[in-house]
Protein chains: 2
Amino acid sequence: MNTFLEYLNRYIQLTKEEETKVLSVLQQRSYLKGQYIQQEGDIYRYQTYIESGKVRTFYLDDNGNEHIITFGLKHWWVGDIGSFTSQSPAHFNTQCLEKTKVIQISYEDLEKLYNEVPKIERFFRLIIQKAYAKMSKRIVQNYSLPARERYLLFCEEYPEVVQGVPQYMIASYLGITKEFLSHIRSQLSKEG
Amino acid sequence: MNTFLEYLNRYIQLTKEEETKVLSVLQQRSYLKGQYIQQEGDIYRYQTYIESGKVRTFYLDDNGNEHIITFGLKHWWVGDIGSFTSQSPAHFNTQCLEKTKVIQISYEDLEKLYNEVPKIERFFRLIIQKAYAKMSKRIVQNYSLPARERYLLFCEEYPEVVQGVPQYMIASYLGITKEFLSHIRSQLSKEG
DNA sequence: AAATTTTATTAATCTACCTTATTTTTCTTC
DNA sequence: GAAGAAAAATAAGGTAGATTAATAAAATTT
């Protein structure tokens, strides 16, 4: 839990008292590979922070195809923000890709915490601003770059994901088929 | 300005005193059709709220092609959040598509306001959560639907934009060429 | 370590969407 | 309201990436 406070400390400075209040609402939980933190149709009742491990958040379309919205690594917050915010059924699934430890704050606890420790409101504002900017960048890349370039950028930016995750999931994240990603990779390796 | 307070009031309840503080930092400004609120390379010094009018935020890729990230209508906040947050040069341009009135808050004023009126921090957290959820939805749609369906959904969701904006910009927003959108439209009209 | 399942490769065919070019329509501006 | 500019339509040919299917290679399970 203390590493969590250190992490918070990068964004906001809390007094001892405030730290205690924050700690009192944190819930720790562990998942095995393949387990779901949340599933489509559920209401996302927790903000979930990844202490260790790796997850993916994905969406199943009408044809049953998976589309990975985002991966989640250490220090990331994951879930379906739309569902959490409005406490309505989620469209997304969040599944662990390996043994994963998370810290969660329930919706009710967080609402209280916002009032008791307004700095937490600032913290989440900053976090989501960052996430928003990152997602805008992704939209830009998807529109202006071909699959091959997107893959190369992804490898640069998320080497930990490229290593530890099946290729077909990376293809899904990039918005292409696994066959085409395989093709791109074989091209790249031929070129040296 | 009072309509702005009414708008704020949908998200947070301010005391008279707080309202006064908020009002004191608002700056009103008008733009003509075609004028830029911000340009690529500038630092976005203001959070910009649209009182009336219509804007687009777009990005120029290495080949000089425009990609529309988002349109902005009445009650929307526009700009380059990445640039504003970190006060670093923007990648995006924000241009008025018609006569547009905006309300702006400077970066410095907003930082002060966050401290003096913490509810404003809540307000922006809520706003950006909403924007984030909307953008996730867009990514999902782009991955799981063909251009034709995306266009139909766009028409449903943003009829005001479809009416008042040149087709080639809608094509750009959808991530397709203007020629292909024109083709889709002629197909649709043949089908009745 | 054999058997089963999951993931990745390869290759042929196909299609959604792009490119380029020309023509027509609509919008501005004088 | 005529002239010019901007936007939209149409059409031929091209390509990035999809689909299908068959094979190979890893990873799990027993």
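Lettering follows sequence order; numbering is per chain, from 1.
Atoms CZ (A:F180) and P (C:dA16) sit 17 Å apart, rounded to a whole Å. For the pair B:I184 CD1 and D:dA9 P, the computed distance is 12 Å after rounding to whole Å. Whole-Å rounding puts the A:L97 CG to D:dA27 C1' distance at 16 Å. For the pair B:L181 CG and C:dC17 P, the computed distance is 12 Å after rounding to whole Å. At whole-Å resolution of the value, CG in A:N63 and P in D:dA18 are 14 Å apart. Rounded to an integer number of Å, the gap from A:H183 NE2 to D:dA21 P is 20 Å.
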Side-chain donor-acceptor distances from residues 16-26 of chain A under 3.5 Å, at least two apart:
residue : atom : partner : partner atom : Å
A:K16   : NZ   : A:E19   : OE1          : 3.4
A:E18   : OE1  : A:T15   : N            : 2.9
A:E18   : OE1  : A:T15   : OG1          : 3.4
A:E18   : OE1  : A:K119  : NZ           : 3.0
A:T20   : OG1  : A:K16   : O            : 2.8
A:S24   : OG   : A:K21   : O            : 2.7

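Take B:E149 and apply the salt bridge (Lys or Arg N to Asp or Glu O under 4.0 Å) test, not counting sequence neighbours, and it matches no residue. Listed by chain and residue number, A:D109 satisfy the side-chain hydrogen bond (donor to acceptor under 3.5 Å, both in side chains) test with A:S106 (two or more places apart in sequence, or in another chain). Residues passing the side chain to side chain contact (heavy atoms under 4.5 Å, CB included) test with B:A90, sequence neighbours excluded: B:Y44, B:D80, B:S83. A:R138 is linked by a salt bridge (Lys or Arg N to Asp or Glu O under 4.0 Å) to nothing, counting only residues two or more places apart in sequence or in another chain. Listed by chain and residue number, A:R56 satisfy the salt bridge (Lys or Arg N to Asp or Glu O under 4.0 Å) test with A:E66 (two or more places apart in sequence, or in another chain).
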Mind listing the N/O atom pairs, protein and nucleotides 25-30 of chain C, below 3.5 Å?
residue : atom : partner : partner atom : Å
C:dT28  : OP1  : B:K33   : NZ           : 3.0

For nucleotides 6-8 of chain D, tabulate all protein N/O to nucleotide N/O atom pairs closer than 3.5 Å, reporting atom names and distance.
residue : atom : partner : partner atom : Å
D:dA7   : OP1  : B:Y168  : OH           : 3.4
D:dA8   : OP1  : B:Q167  : N            : 2.7
D:dA8   : OP2  : B:Q167  : N            : 3.0
D:dA8   : OP2  : B:Y168  : N            : 3.1

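Of the listed nucleotides (C:dC18, D:dT20, D:dA18), D:dT20 has the atom at the smallest distance from the side chain of A:E179. The side chain of A:S186 sits closest to C:dT10 out of C:dT10, D:dT10, C:dC18.
Of the listed residues (A:Y173, A:W76, A:F58), just one forms a ring pair (Phe, Tyr, Trp, His ring centres under 6.0 Å) with A:F71, and that residue is A:Y173.
Sorted by residue number, the list of members of residues 138-160 of chain A with any non-hydrogen atom under 4.0 Å from DNA chain C is empty.
Here B:I43 is tied to no hydrophobic group at all, with no ILVMFWY side chain closer than 4.5 Å. In the hydrophobic clustering (ILVMFWY side chains linked at under 4.5 Å, chained through shared members), B:I139 is joined by A:I81, A:I128, A:Y132, A:M135, A:I139, A:Y143, B:I81, B:I128, B:Y132, B:M135, B:Y143.
Using modelled atom types, one finds no donor on one side chain facing an acceptor on the other under 3.5 Å when comparing A:H75 with A:Y7.
Contact annotation: A:T177 side-chain N/O to D:dG17 OP1/OP2 distance is not under 4.0 Å.
Here side-chain hydrogen bond (donor to acceptor under 3.5 Å, both in side chains) pairs that include residues 151-166 of chain B, with residues two or more places apart or in two chains, are B:Y151-B:R185.
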